[in-house]
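Each chain gets a letter, A, B and so on, in the order the sequences are listed, and its residues count up from 1. Keep in mind that the numbers below use all heavy atoms, side chains included, and drop hydrogens, waters and symmetry copies.
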Number of protein chains: 2
Amino acid sequence: MKARAKTAAVETPAEPVGTLQEVRDEFIAEWGAIGSAWGINRTMAQIHALLLVSPALTTDEVMEELKISRGNANTNLRDLVGWGLVRSVVRKGERKEYFEAEKDVWKIFGTIVRERRRREISPAVRALENCAAKSEQLRGPDAAAFHTMINQLAEFVRLADSVTERLASASQGAVMPWALRLLK
Amino acid sequence: MKARAKTAAVETPAEPVGTLQEVRDEFIAEWGAIGSAWGINRTMAQIHALLLVSPALTTDEVMEELKISRGNANTNLRDLVGWGLVRSVVRKGERKEYFEAEKDVWKIFGTIVRERRRREISPAVRALENCAAKSEQLRGPDAAAFHTMINQLAEFVRLADSVTERLASASQGAVMPWALRLLK
DNA sequence: CTGTAATTTCAGAATATTCTGAAAATCAAG
DNA sequence: CTTGATTTTCAGAATATTCTGAAATTACAG
């Protein structure tokens, strides 16, 4: 049960910082909070966190660790697979399905950016360009001001869309020097 | 009521694209949807959209346009002012307060990035660094793997934090060439 | 096939978020 | 002060989201 090194009990004179189990749980809770601040379902983010710091786990192990129902675990694991953040692996000779998270932070970042672009930015671009096109037809002073504003927004979001497209497909090696340049 | 150019009724042989009123409402609905996809309250995003394409409005005008209650309008207007996306202006001789949106898209972008960094990224950095520090103390093979993962995440998020800090305070003139370089 | 483990689905329950409307507080002019 | 316009607050209602648990389905070994 205890995931402590065997020597720990006899020394460690300083204040205890918590067991691996405790720090792991803290991380899972934090990552869940971070996820929900960014529009990702809290449980999904917690499962993701758990898998980031675990070997491949089964649905039952995830249920047990996070104390969640089978339906909840199944749905969110599927969603994570859908995002491309988790893959399911089958071990030969076993019926059960195991789930394993991608652990390369740059790949994780690329996947999230790509998915959010696809699901949220690109539709927004289309919607704004549609409004911009319609406002083009309108005449009158109010329409002119409206048209100007919409066009500025559309142009800006289009630029953001292009930038995220590049970011999503770039590798760490490509992004780092670029980030460092920005940081002076 | 009709915000159409006076000539429109006699020509416009092509299919009508909608009145200014209609396109404006479409834009407000779209911007609301975009906002909620990014973790911003839908009504807040709609009020923001309305103010983006309007002159300064009073609380009552916002209520009327969006068909929302006084409490709702007041709270969300205050939040927008808190974000720095809207300012309240007082006209001499009038008691009522008017609300006016910042209309420079680059300033809007900077404000949003700065606020999200302050409210969401920076706390995440602190939380992760806290976990990283605690995991440092732990011993054992499981702890080592855990520690490695947490450190990679912490380092990555720290980089993201720095980049957004720069982005938030940069002007259009500074960001554009940098974005264009990225786009080849 | 048959039996059983594993997975998926989904109606209703539990939670969380947002909104309303009216009362309370604030403010400024007289 | 007093009055009336304006703004703020917040309890309860309405809505939206997420979760549970068990039944239905699927998949596979024998």
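Relative orientation of the F27(B) and F146(A) rings is perpendicular, given thresholds of 30° and 60° on the angle between their planes.
Within 4.0 Å of D60(A), counting heavy atoms only, lies no atom of the nucleic acid at all. Note on R78(B): only backbone sugar-phosphate atoms sit closer than 4.0 angstrom, heavy atoms only; bases stay farther off.
Counted by atom type alone, Q172(A) and D104(A) present zero donor-acceptor pairs between their side chains at under 3.5 Å.
Of the candidates dT7(C), dC19(D), dT20(C), the closest approach to any side-chain atom of N72(A) belongs to dC19(D). When the nucleotides dC19(D), dT20(D), dT9(C) are ranked by their closest atom to the side chain of I68(A), dT20(D) comes out on top. For N41(A), the listed nucleotide lying nearest its side chain is dT18(D); candidates were dT18(D), dT9(D), dT20(D).
Here dA22(D) presents its P atom at 11 Å from CZ of R70(A), a figure rounded to the nearest Å. Going from atom NZ of K96(A) over to atom P of dA27(D) covers 18 Å, rounded to whole Å. As rounded to whole Å, 16 Å separates atom C1' of dT7(D) from atom CD of E94(B). Taking atom CG on D79(B) and atom P on dT8(D), their separation rounds to 12 Å, with Å as the unit. To the nearest angstrom, P of dT18(D) lies 23 Å from NZ of K67(A). One can place CG of L77(A) at 14 Å from P of dT9(C), the figure rounded to the nearest angstrom. Taking atom CG of N76(B) as the reference point, atom P of dT8(D) lies 13 Å away to the nearest angstrom. Between the CG atom of L66(A) and the C1' atom of dT20(D) there is a distance of 15 Å, rounded to whole Å.
Under a cut-off of 6.0 angstrom, the local environment of CD in E100(A) is crowded, with over 12 non-hydrogen atoms contributed by other residues, nucleotides or ligands. Within 6.0 Å of CZ in R42(A) there are 12 or fewer heavy atoms belonging to other residues, nucleotides or ligands.
Between G71(A) and I40(A), the residue anchored nearer the 5' end of DNA chain D, judged by the nucleotide with its closest heavy atom, is I40(A). Nearest-nucleotide assignment on DNA chain C puts the 5′-proximal partner with T75(A), out of S69(B) and T75(A).
Of the possible polar contacts, one joining the R24(A) side chain to the V53(A) backbone as a donor-acceptor pair under 3.5 Å is found.
For dA28(C), the base has no donor-acceptor partner in the side chain of R95(B) [N/O atoms by modelled type, under 3.5 angstrom].
In terms of phosphate contacts, N74(B) brings a side-chain nitrogen or oxygen within less than 4.0 Å of OP1 or OP2 of dT8(D).
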